[in-house]
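Lettering of chains follows the sequences in order, A, B, ..., and the numbering in each one begins at 1.
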Amino acid sequence: MYRTFRAGQIRATDIDERVRLAGWVARRRDHGGVEFIDLRDASGVVQVVFREGEAAEAAHELRNEFCVQISGVVSRRPGGNENPDLPTGDVEIVADGLTVLSESAPLPLPVDDNVDVGEDVRLRHRYLDLRRTGPARALRLRSEANRIARQLLHDEDFVEIETPTLTRSTPEGARDFLVPVRLQPGTWYALPQSPQLFKQLLMVSGFERYYQIARCYRDEDFRADRQPEFTQLDIEASFVTESDVMAIGERIVTALWRELADHEITGPIDRITWHDAMNRYGSDKPDLRFGTELVDLSDYLAGTAFRVFAQALESGGYVGAVVMPGGASQTRKQLDGWQDWAKARGAKGLAYVLFDEATGEPRGPVAKNLSAEHLAGLADAVGAKPGDAVFFAAGADRIAAQELLGAARLEIGRRCGLIDESAWAFCWVVDAPMFGRTDDGWTSLHHPFTAPNADWADRFGDDPEAALAYAYDIVCNGNEIGGGSIRIHDAAMQRRVFDVLGIDDAEAEDKFGFLLEAFQYGPPPHGGIAFGWDRICALLTGADSIREVIAFPKSRGGHDPLTGAPTPITPQQRKEAGVDAVVAPPTA
RNA sequence: GGUCCUGUGGAGCAGUUGGAGUGCUCGCCGCCCUGUCAAGGCGGAGGCCGCGGGUUCAAGUCCCGUCAGGACCGCCA
């Protein structure tokens, strides 16, 4: 037995106890005649004292992060030497035995909670980074989140089932990661973008309630909250309505935040329709930690001579605005900065009107282009006070203009300090559109198996743009943390959806014939939800990046700074893998 | 694919209008030290200033290219 106690758990009640401990040298303070070692194991830190004898001699040779075993007696610290900052601060181990289990080379990064280290070095030596309290705590919290979800779902009769990670390329939104198949050269597996189709098959199987903490893979560019492999808490249930699924999701989120963020979500989480979210916040994942809503000026500005607005309105588009409190005091440079900001988002610019701090008079280039009547009522129409700025967006594409204003709203919230960083603001965004327009037709906004809502079940084909789905996202502080839908279980309805999407029978058969076949055999009504587990854990730990809650994350470009993956393969591997196999053209 | 930011001993940073010797803190190595807890004192080692080119009498500094990391846009149902 290496140890009889855990270092961080020793208390005054253990005084006079003879103990054996094992752990790492977190810090040493060598005074010559007396030497202190902070011994760290997974449970915490305790101070070890060496005074005289063989062990004390050997202790001089210790260095940071040596792995050691120590024997000694738990003692009360001399009066005045207690350390109130440590849970073990009342006691120390008076050591009489020391075994070096392994030595440590000089460290490439300080294993010290108080020192900032660059992320690239941390990830290169992630195993050392994870010896530190903060990074380790993030992974422990994630473990707790897994436990909470599993417990809750288990209690509600959900069955945890694993699905394949070597599977078939399916027509979902993102690029697939592909794996060559040695046994059938020229054919490829895809790594799943989500277990979507498998969980629907499990509903056909009659499990009724499935979940999985599932690894998913998408070959797209990275962001702070995106990795090529990521984790979803994936859930599907049969004989459920939209409200049933949302209730399950809500219980999970409530439990997570109660236990891990000490935050009680009281009452049902507010629901907002997708169209309301776009109209009021210019986003399908609105950050509700602050107000500042968008204002639709399409009616108010009807008949305007200002060409930018008039053109948008004539083409049936939209003119809207958002108020920046105190924005009139911005310098010319700052106002120009907004133009650059808007252009970076693909907009032509961001029109604005400033209301004079003293007189309330509207100023600025756009003000000159608006009629006296429009200017006179503008402040009331948008809810601006003297000293405020108003930003406008106009366009034939209503959604694009609203998204620009929505992005401006977030930027205003940040720049004006309107966001309460300690707040948790949740909402459901419901009644999402079924379809989005593409260059040559329609595409599913969620996925092709998403059911239309009751209003649109019989007529979504008549007006795809307006059709609404039983699809819902849960949003926290402007982050989409989960989303799902009720699925189509009726073959005829599925066929009609494919018609809208321009998928003919042959293509449907080719792409997901196996699912359609399964759906011939009495598929139950079903629906589900998937939570972005990395992002939820990042929110719960207060981390800026999901990399903080992933043990060994990848850096940009899919590079693993620790292992160096991806790497070239040997010619032998290349040959065996069948990467270069020439596939015979299909014979007619 | 695009825009922006950052690359200086092991770590974190500074380095002015281009101007003598790249500086600081921590760590590392050696010596001293009996109550510290981010111990302290004295001494020491350690640098292709990411890489390549250019401008200049002179480049860590300016210009071009390139690589790496990060943020954002596109993309990601």
- Message: Quick check against the 3.5 Å criterion: does A:K199 have a side-chain atom that pairs as donor or acceptor with the backbone of A:Y211?
- Response: no
- Hey, is the side chain of A:R63 poking within less than 4.0 Å of OP1 or OP2 on B:C29, counting only N and O atoms? yes
- Message: Using atom P in both nucleotides, what's the gap between B:G52 and B:A39 to the nearest angstrom?
- Response: 40 Å
- For the pair A:F435 and A:H447, evaluate ring-ring contact (aromatic ring centres under 6.0 Å, His included) and give the outcome as yes or no after the intermediate values. CA-CA 9 Å; A:F435 303 106; A:H447 60 60; over 10 Å; no
- Message: Tell me which nucleotide, if any, is Watson-Crick or G-U wobble paired with B:A59 when both distances must be under 3.5 Å.
- Response: none
- When we call it a touch if two heavy atoms are under 4.0 Å apart, what does A:E92 touch: a base, just sugar-phosphate, or nothing? base
- Query: Between A:E421 and A:R289, is there a side-chain N and carboxylate O pair less than 4.0 Å apart?
  - Reply: yes
- Message: Under a 3.5 Å cut-off for both contacts, is B:G7 paired Watson-Crick or G-U wobble with anything, and if yes, with which nucleotide?
- Response: B:C67
- Nearest whole angstrom, please: distance from the P of B:C5 to the CZ of A:R556. 15 Å
- Taking atom types as modelled and ignoring hydrogens, do the side chains of A:D112 and A:N114 form a donor-acceptor contact shorter than 3.5 angstrom? yes
Restricting to nitrogen or oxygen on both sides, can you table the protein-nucleotides 73-75 of chain B pairs closer than 3.5 Å?
residue: B:C73; atom: OP2; partner: A:R223; partner atom: NH1; Å: 2.7
residue: B:C73; atom: O2'; partner: A:A344; partner atom: O; Å: 3.2
residue: B:C73; atom: N4; partner: A:R223; partner atom: NH2; Å: 3.3
residue: B:G74; atom: N7; partner: A:R223; partner atom: NH2; Å: 2.8
residue: B:G74; atom: O6; partner: A:R223; partner atom: NH2; Å: 3.3
residue: B:G74; atom: N1; partner: A:D221; partner atom: OD2; Å: 2.9
residue: B:G74; atom: N2; partner: A:D221; partner atom: OD2; Å: 3.4
residue: B:C75; atom: O2'; partner: A:E220; partner atom: OE1; Å: 2.9
residue: B:C75; atom: O2; partner: A:R226; partner atom: NH1; Å: 3.4
residue: B:C75; atom: N3; partner: A:R226; partner atom: NH1; Å: 3.2
residue: B:C75; atom: N3; partner: A:R226; partner atom: NH2; Å: 3.0
residue: B:C75; atom: N4; partner: A:R223; partner atom: NH1; Å: 3.2
residue: B:C75; atom: N4; partner: A:R226; partner atom: NH2; Å: 2.9

- Task: Can you tell me the distance, in whole Å, between the CG atom of A:N64 and the P atom of B:A38?
- Result: 14 Å
- Query: In whole angstrom, what separates A:R40's CZ from B:C37's C1'?
  - Reply: 15 Å
- Does any nucleotide pair with B:G43 by Watson-Crick or G-U wobble geometry, both distances under 3.5 Å, and what is it? B:C29
- Task: Working to the nearest 0.5 Å, report the span between CD of A:Q232 and CD1 of A:I536.
- Result: 10.5 Å
- Could you measure between the two P atoms, the one in B:C26 and the one in B:C42, and give it in whole Å? 11 Å
- Query: So, A:D234 versus A:Y210: side-chain donor-acceptor pair below 3.5 Å or not?
  - Reply: yes
- Query: In Watson-Crick or G-U wobble terms, both distances under 3.5 Å, what is the partner of B:C49?
  - Reply: none
- When you compare B:C72 with B:C64, how far apart are their P atoms, in angstrom units rounded to a whole number? 26 Å
- Give the rounded distance in Å between these two atoms: CG of A:D113 and P of B:C37. 17 Å
- Query: With sugar-phosphate meaning primed atoms plus P, OP1 and OP2, does A:D30 contact a base, only sugar-phosphate, or nothing at under 4.0 Å between heavy atoms?
  - Reply: base
Could you pull out the protein-nucleic contacts involving nucleotides 9-12 of chain B (nitrogen or oxygen on both sides, under 3.5 Å)?
residue: B:G10; atom: O2'; partner: A:P108; partner atom: O; Å: 2.9
residue: B:G12; atom: OP1; partner: A:G118; partner atom: N; Å: 2.8

- Pair assignment for B:U36, Watson-Crick or G-U wobble, requiring both distances under 3.5 Å: none
- Query: In whole Å, what separates the P atom of B:C48 from that of B:G10?
  - Reply: 8 Å
- Which part of the nucleic acid does A:E65 contact within heavy-atom distance under 4.0 Å: base, sugar-phosphate only, or nothing? nothing
- Query: Taking the same atom, P, in B:A45 and in B:U25, what whole-Å distance lies between them?
  - Reply: 16 Å
- Query: If you look at every strand shown and take non-hydrogen atoms under 4.0 Å, does A:R547 touch a base, only sugar-phosphate, or nothing?
  - Reply: sugar-phosphate
- Message: Would you say A:D30 and A:H60 are linked by a side-chain donor-acceptor pair, where the criterion is simply a distance under 3.5 Å?
- Response: yes
- Query: Is a side-chain N or O of A:R218 found less than 3.5 angstrom from the main chain of A:Q193, in a donor-acceptor match?
  - Reply: yes
- In whole angstroms, how far is the P atom of B:C31 from the NE2 atom of A:H60? 11 Å
- Separation of the C1' atoms in B:C24 and B:C67, to the nearest angstrom: 29 Å
- Item | Opposite nucleotide pairing with B:G12, Watson-Crick or G-U, both atom distances under 3.5 Å | B:C24
- Message: Taking the side chain as everything from C-beta on, heavy atoms only, tell me whether A:W341 gets closer than 4.5 Å to A:L350.
- Response: yes
- For RNA chain B, whose closest nucleotide is more 5', that of A:A224 or that of A:R77? A:R77
- From CZ of A:R27 across to C1' of B:U36 the rounded distance in Å is 12 Å
- Does A:H31 stack onto the base of B:G40, taking stacking as ring centres under 5.5 Å apart and planes under 30° apart? no
- A:F512 vs A:F449, ring-ring contact (aromatic ring centres under 6.0 Å, His included): CA-CA, chis, key distance, verdict: CA-CA 11 Å; A:F512 19 72; A:F449 313 108; 5.2 Å; yes
- Can you find a side chain N or O atom of A:R29 that sits less than 4.0 Å from OP1 or OP2 on B:A39? yes
- Message: Using the P atom as the point on both nucleotides, what is the distance between B:U16 and B:U61, in whole Å?
- Response: 11 Å
- A:D560 CG - B:A68 P separation (whole Å): 16 Å
- Can you tell me how far C1' in B:G46 sits from the matching atom in B:G27, rounded to whole Å? 12 Å
- Task: Would you mind reading off the distance between A:L39 atom CG and B:C37 atom P, rounded to a whole angstrom?
- Result: 19 Å
- Query: Can A:Y352 and A:W338 be said to form a ring-ring contact (aromatic ring centres under 6.0 Å, His included), step by step?
  - Reply: CA-CA 10 Å; A:Y352 60 88; A:W338 280 102; 9.5 Å; no
- Message: Do A:L39 and A:V68 make a side-chain contact, defined as non-hydrogen atoms from C-beta onward lying under 4.5 Å apart?
- Response: yes
- Query: Checking only heavy atoms, does the side chain of A:E35 share a donor-acceptor pair with the base of B:U36 at less than 3.5 Å?
  - Reply: no
